[in-house]
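Values below: all heavy atoms of this structure, side chains included; hydrogens, waters and symmetry mates excluded. Just so we're clear, the structure is a prediction, and the values are computed from it rather than from any experiment. Chain A is the first sequence line, chain B the second, and so forth, proteins listed ahead of strands; every chain is numbered from 1.
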Protein chains: 2
Amino acid sequence: MSKAELTRIEILRKSFDLIYKNGYQSTSIDEIIATTKVTKGAFYYHFKSKEEMGMALISDVMHKELWPAVKKSINTTKDFRKNLYKMLTDLLIEHPVLTCEYGCPSVNLIQEMAPLNEHFRKALKKNLSEWQKLIEDEIVRAQGVGQLSADHDPQNIALYVITLYHGVRNMGKVLGKGYYMTFLKEFDNYLNSLK
Amino acid sequence: MSKAELTRIEILRKSFDLIYKNGYQSTSIDEIIATTKVTKGAFYYHFKSKEEMGMALISDVMHKELWPAVKKSINTTKDFRKNLYKMLTDLLIEHPVLTCEYGCPSVNLIQEMAPLNEHFRKALKKNLSEWQKLIEDEIVRAQGVGQLSADHDPQNIALYVITLYHGVRNMGKVLGKGYYMTFLKEFDNYLNSLK
DNA sequence: TTATTAACATACTATATGGTATGTTAATTC
DNA sequence: GAATTAACATACCATATAGTATGTTAATAA
C-alpha cells in the first residue's frame, strides 16, 4: 500500500471514530487533523470536501466494518432462526468496535443525515439493501427446506428484523447494555412465532 | 398568559421545529432568534444556556406534543391488540406534526444526545418510562381479562413495542412513507402471535 | 540528471457560534 | 408618582468552522 493510500485510510479511520461518537455535523475537519498526523492540505488533497469524505466513509469504512460481521454469522447453522438470532447477537454483543453507548454508526448517520443530504441517504440505503438481501436469501432458503411457511414475505421479514436492530440500537443508548439481553429474549419469541 | 410566557413559548416552539429537522447541535441560537421576533437578550433572559433550553424542550414541548397522541389512542377499544396497533398508526400516520422524512423528535434526540449529555439522557429516559408504563398497564389489563397469557412479561412487551417504533422511525427516513404500511402489517402479525 | 507531478504543509479568510456586557423600556410595587 | 425590577434589545467577543491560496518536498518519468 502506498504512503498516499495510508494517509487516506488514516483520515477515514479517525473520521469514522469521531463521527461515530459525536455525529457527522459536529465533527470538524480541524478536529480530525488535530488528532492525526494529517494536515489540512493533505485532507483536501484526498477529498474535495467534507461531504465527499463522508461519502467515502459510508461506502468504504462503514461497510467494511459491518458487512463481514453480518455475512459470516448468517450461515453458521442450518436453522434460519438460530442464524438470525446469532446475526443480531454478533452485531449487538460481540462486535469489537461498536458499543451500546454510541450505538451503530450506520443507524446514527441515517438518523442524522438522511433527511438533510440526498447523497448520504442513497449511499446509506445501498448498504441497507445489501443487508436486506442477505436476510431475504436466508428466509427463502428456510422456506425451501420447510423451516417456514411460504406464505411469509421474505422482504417483509428481512426489513422487520433490520427495523428491530435499528430500534434496539437507539433504545440501548438510553437503557444501557442490559436491555440488549431483554430485547434478545423477546426477539427469540418473535422468531419462534414464525411458523 | 403573560407576554413573557408567550416569548418563552415562542422560543421553545421555534427551537422544537428547527431541532426536529436539523438536530440539536446543528441548530444555532442565532438561527432561532433570526427566525423569530426574539432577540438574543430575550433568549438568555429565559434560559441561562442552550442546554437549559434543550432540557425545557424535552420536558415541556416534546412531551406535550407526543404524550396526548399516545394516551388517547391506547384506550379506544377493549382489544389490547387493536389499541397497540392504533397507538402506532396514530403516531406514524395520523400525527399532525411529525413526518416520515424527519422522523420522531424524541427518537432523534436520543440518537444524537444520549451518549453526549447525561442530563439529556435522563430527561429523555423519563419520557420513555412514562410511555412504557402506559403500555405495560394496557398489557396487564389484557392479561386480567384473559386476552393474553399471564406468562408474558408486560415490561418486555412494552419495551419491544417501543423498540419497534424507534426502529421504524429510523428506517422510514431511508425507505420513505410506504415502508410504514409494510411495517404495520408485520407488526399486526406480531400482535396476533401473542397468545 | 532534469523536469514534472504527486503528495503534502502552512498561513490565511469569511462566516458562524455560544455566550456576555451593558444598555433600555414597560410593568409592578410601595 | 417615584423606585424598583422584570423583560427585553444591541453591541460585542473569543473561538470554531469549512474551505482556499500558496507554498514545499519527495517520488517518478524522460
Among D:dG19, C:dG19, D:dA7, find the nucleotide with the atom closest to the side chain of A:I29. D:dG19
note: B:K48, atom NZ; C:dG18, atom P; distance rounded to Å ~ 16 Å
B:T7 side chain N/O closer than 4.0 Å to the phosphate oxygens (OP1, OP2) of D:dC8? yes
Is it possible for you to say whether B:L91 and B:V97 belong to one hydrophobic cluster, with membership spreading through side-chain heavy-atom contacts below 4.5 Å? yes
Look at A:Y45 and C:dC8 and indicate whether a side-chain polar atom (N or O) is within less than 4.0 Å of OP1 or OP2. no
May I have the distance from A:D30 (atom CG) to C:dA11 (atom P), rounded to whole angstrom? 14 Å
Find the distance A:K37:NZ to C:dA7:C1' and express it as a whole number of Å. 18 Å
Rounded to the nearest Å, what distance is computed from the CD1 atom of residue A:I33 to the C1' atom of nucleotide C:dC8? 12 Å
With a non-hydrogen cut-off below 4.0 angstrom, is A:T39 in contact with a base, only sugar-phosphate, or nothing? base
For the side chain of B:K40 and the base of C:dG19, is some donor closer than 3.5 Å to an acceptor across the two? yes
Any side-chain N or O of A:H46 below 4.0 angstrom from OP1/OP2 of C:dA6? no
B:I32 CD1 to C:dG19 P, in whole Å, measures 11 Å
Would a line drawn from the ring center of A:Y190 to the ring center of A:Y160 be shorter than 6.0 Å? yes
For B:E5 and for A:E31, locate the closest nucleotide of DNA chain D by heavy-atom distance; then report the residue assigned to the nucleotide nearer the 5' terminus. B:E5
Taking the minimum atom-to-atom distance to the side chain of A:A42, which one of C:dG18, D:dC8, C:dC8 wins? C:dC8
In whole angstrom, give the distance that lies between atom OH of B:Y44 and atom P of C:dT24. 23 Å
Using 0.5 Å steps for rounding, measure from the CE atom of B:M181 to the CD1 atom of B:I93. 3.5 Å
Answer yes or no: is there an ion pair linking A:E138 with A:R141, defined by an N-O contact shorter than 4.0 Å? yes
Let me know, please, whether B:G41 or B:K3 comes out on the 5' side of the other along DNA chain C by nearest nucleotide. B:G41
When all nucleic acid strands are considered with a 4.0 Å heavy-atom cut-off, which category describes A:T27: base, sugar-phosphate, or nothing? sugar-phosphate
Whole-Å gap separating P (C:dT10) and CZ (A:F43): 17 Å
Between C1' on D:dA7 and CD on B:E10, what's the gap in Å once rounded to a whole number? 14 Å
In this structure, would B:Y24 and B:L18 fall into the same cluster of hydrophobic residues linked by side-chain contacts under 4.5 Å? yes
